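Below is one structure, written out as structure tokens, with a few remarks after it.
Naming convention: chains lettered A, B, ... in sequence-line order (proteins, then strands); numbering from 1 in each chain. Note that the structure is a prediction, hence the values are computed from the model and not measured. Side chains are part of it too, since the values below use all heavy atoms of this structure and drop only hydrogens, waters and symmetry mates.
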Protein chains: 2
Amino acid sequence: MARRRRVGNLLALAVLSALVERPMHPYEMAGVLRARGKDQDMPIKWGSLYTVVANLERHGLLAAVQSDRQGRRPERTVYRITEAGRDELVDWTRELIAVPEREHPRFEAGLSVLGVLGPDEATELLRQRLDRLETQLADARAALARHGREIPRLFLVEAEYDLAVRQAEATWVRGLLDELTTGSLPGLTEWRAWHETGAVPPDWAELAERGTEQQ
Amino acid sequence: MARRRRVGNLLALAVLSALVERPMHPYEMAGVLRARGKDQDMPIKWGSLYTVVANLERHGLLAAVQSDRQGRRPERTVYRITEAGRDELVDWTRELIAVPEREHPRFEAGLSVLGVLGPDEATELLRQRLDRLETQLADARAALARHGREIPRLFLVEAEYDLAVRQAEATWVRGLLDELTTGSLPGLTEWRAWHETGAVPPDWAELAERGTEQQ
DNA sequence: ACCCGATTACTCGCAGACGAGCATACGCCG
DNA sequence: CGGCGTATGCTCGTCTGCGAGTAATCGGGT
């Protein structure tokens, strides 16, 4: 599935989507993308812009139109999107929408090593996360309401999605915190003992050696 | 905040967490991590293992213990975690748990350029996504139930989190699909006209030029 | 009229990441 | 007991991402 993209950086997707409307030079793309808040929707690093544009051109997805020069500035090359570029944009979008990729939020990585902390510290840190999350959610909700008055829904779906997912995260964290504070999480006692004494609880010891059979 | 990690690859986190228990050589780490399903929780590329271990050693987070040799194989270096490594592991975990980072799921990027497709194609693709998502969710639920019988909850929280978040995604997609199929999404008519004729709807035209004021 | 800080527009070097490839060992079948 | 397919264990070259740095220009204060 998902044949590897010739230019894989998502900044390239944003660039293509901007050039669909009209040709631009790189810095103008940056302006337009920033104005549309695309840097909120993707992990965009502006330092990569010129590299990405060059790569797109190299693969025939963009073509240089003209170079003009103002004053003693370096000349600015204006690019237009090619047919191949249009195809790539559409195909890539189709894939991003239709195929759910397993994502790997950093929080998940953190949770998977939660055992290195003690239960009390874990509880405290999760509470901090929840606090911050709720602040961010309130901000996001306000921003969405504000934009909703001037921008068509179609261009806000990604923000709505983001909000929904983060809301679910907050709910889940609240649930876990609840189990931790009421003590209803199974294995809490073993976890605490393990962390305080350093000794692996007897019922867990055997698991730890799972998949370790080597000569 | 979040001072840059000396070794930023999350594979390094996994390596540190494995070496907390006992010293190992790299290939053994791979076996243990795989057995624990850590490659499910993080974007692990095994091709990076030796690079990452070398970097960890370079920064004093690991130390070589011994090199033994079996047959004519290349010698295998056994590494142990250092005090600095232990500190890094704990500090990194704390950060991952307590500080919610703005993540950028690829789906969000896709949604932000949804306009390049027409509403009918978008609907069809979203339906495909929902189908696949539901299959994956069923699998994940089954796997979680199976593991739940032998592994303590503590080591399954990351899978539970993942499930909860993806469930929220499915719900959200279902909601959007609903608005699309019933036609209740505002601007649907404009969107369709725009896509069929290529002409930007009058009420949207002005927005498109937003943030474009350049000489 | 001139200076200085901010903004604009771009460049470059370095550090990783990672996939493909390779060499050794093992197991199984004839 | 020899040959071959598969698993093991590791290396290396390439490619790209990106942050820090820089040069030109603008603006506005005195």
Side-chain angles (χ1 to χ4, degrees), chain A residues 2-15 18 24-35 39 42-59 61 64 66-79 104 106 109 211-215, chain B residues 2-15 18 24-35 39 42-59 61-62 64 67-79 104 106 109 211-215:
Chain A
R3 96 165 177 291
R4 289 261 300 304
R5 299 286 153 191
R6 288 173 290 188
V7 183
N9 194 324
L10 280 176
L11 177 52
L13 183 77
V15 164
M24 300 180 200
H25 54 84
Y27 197 80
E28 198 181 355
M29 301 173 201
V32 168
L33 294 177
R34 248 190 292 253
D39 47 346
M42 304 169 185
I44 286 184
K45 312 291 151 131
W46 296 114
S48 307
L49 179 60
Y50 292 82
T51 313
V52 161
V53 167
N55 289 347
L56 284 169
E57 187 188 18
R58 194 155 50 80
H59 288 93
L61 306 177
Q66 47 162 316
S67 293
D68 60 351
R69 170 186 297 269
Q70 319 226 359
R72 213 170 323 161
R73 303 261 197 110
E75 61 182 328
R76 307 198 282 191
T77 306
V78 175
Y79 294 90
H104 293 283
R106 319 195 89 230
T212 295
E213 307 74 24
Q214 291 199 306
Q215 27 59 50
Chain B
R3 96 166 177 292
R4 290 262 299 303
R5 299 285 153 191
R6 288 173 288 189
V7 183
N9 195 324
L10 280 175
L11 178 52
L13 183 77
V15 164
M24 301 181 199
H25 53 84
Y27 197 81
E28 198 180 355
M29 300 173 202
V32 169
L33 294 177
R34 247 189 291 253
D39 48 345
M42 305 170 185
I44 287 184
K45 310 291 151 132
W46 296 115
S48 307
L49 180 60
Y50 292 82
T51 313
V52 162
V53 168
N55 289 346
L56 284 168
E57 188 187 17
R58 193 154 52 81
H59 288 93
L61 306 177
L62 303 187
S67 293
D68 60 352
R69 170 187 296 269
Q70 318 225 1
R72 213 171 321 163
R73 303 259 198 113
E75 62 183 328
R76 307 198 284 191
T77 308
V78 174
Y79 295 90
H104 294 283
R106 318 195 91 230
T212 295
E213 307 74 24
Q214 291 200 306
Q215 28 56 52

How many angstroms lie between CE in B/Met24 and OG1 in B/Thr77, if you round to the nearest 0.5 Å? 15.5 Å
Could you tell me how far apart A/Arg76 (CZ) and D/dA23 (C1') are, to the nearest whole angstrom? 15 Å
Could you give me the CA-CA distance, side-chain angles and deciding distance for B/Leu49 and B/Val15, then say whether side chain to side chain contact (heavy atoms under 4.5 Å, CB included) is met? CA-CA 9 Å; B/Leu49 180 60; B/Val15 164; 4.0 Å; yes
Send over the distance from A/Ile44 CD1 to D/dG19 P, rounded to a whole Å. 13 Å
Distance check, rounded to the nearest 0.5 Å: A/Arg76 atom CZ versus A/His25 atom NE2? 3.5 Å
The side chain of B/Val52 lies closest to which of these nucleotides: D/dC18, C/dA17, C/dA9? C/dA17
Between D/dG17 (C1') and B/His104 (NE2): distance, integer Å: 16 Å
Nucleotide of C/dC18, D/dC18, C/dC10 approaching A/Tyr27 most closely (side-chain heavy atoms): C/dC10
If every non-hydrogen atom of A/Lys45 is compared with every non-hydrogen atom of A/Leu11, which pair is closest and at what distance? O-CD2, 3.8 Å
Nucleotide nearest A/Tyr50 (side chain, heavy atoms from C-beta), chosen from C/dT8, C/dA17, C/dT11: C/dT11
Hey, is the side chain of B/Asn55 poking within less than 4.0 Å of OP1 or OP2 on C/dG16, counting only N and O atoms? no
Is the shortest side-chain N/O distance from A/Arg58 to OP1 or OP2 of D/dT16 below 4.0 Å? yes
B/Thr51 side chain N/O closer than 4.0 Å to the phosphate oxygens (OP1, OP2) of C/dG16? no
Of the options C/dC10, C/dA17, D/dG17, whose atoms approach the side-chain atoms of A/Ser48 most closely? D/dG17
Would you kindly give the CD-to-P distance between B/Glu28 and D/dC10, to the nearest whole Å? 11 Å
Using whole Å, what does the distance between atom C1' of nucleotide D/dT8 and atom NE2 of B/His25 come to? 11 Å
If I take atom CZ in residue A/Arg6 and atom P in nucleotide D/dT14, what distance separates them, rounded to the nearest angstrom? 22 Å
Heavy-atom nearest nucleotide on DNA chain C for B/Trp46 versus B/His59: which residue maps closer to 5'? B/His59
Measure the spacing between CE of B/Met29 and CG of B/Leu62 and express it to the nearest 0.5 Å. 6.5 Å
Spacing of B/Leu49 atom CG relative to D/dT8 atom P, expressed in whole Å: 15 Å
Tell me: CZ of A/Arg5 to P of D/dT16, nearest whole Å? 16 Å
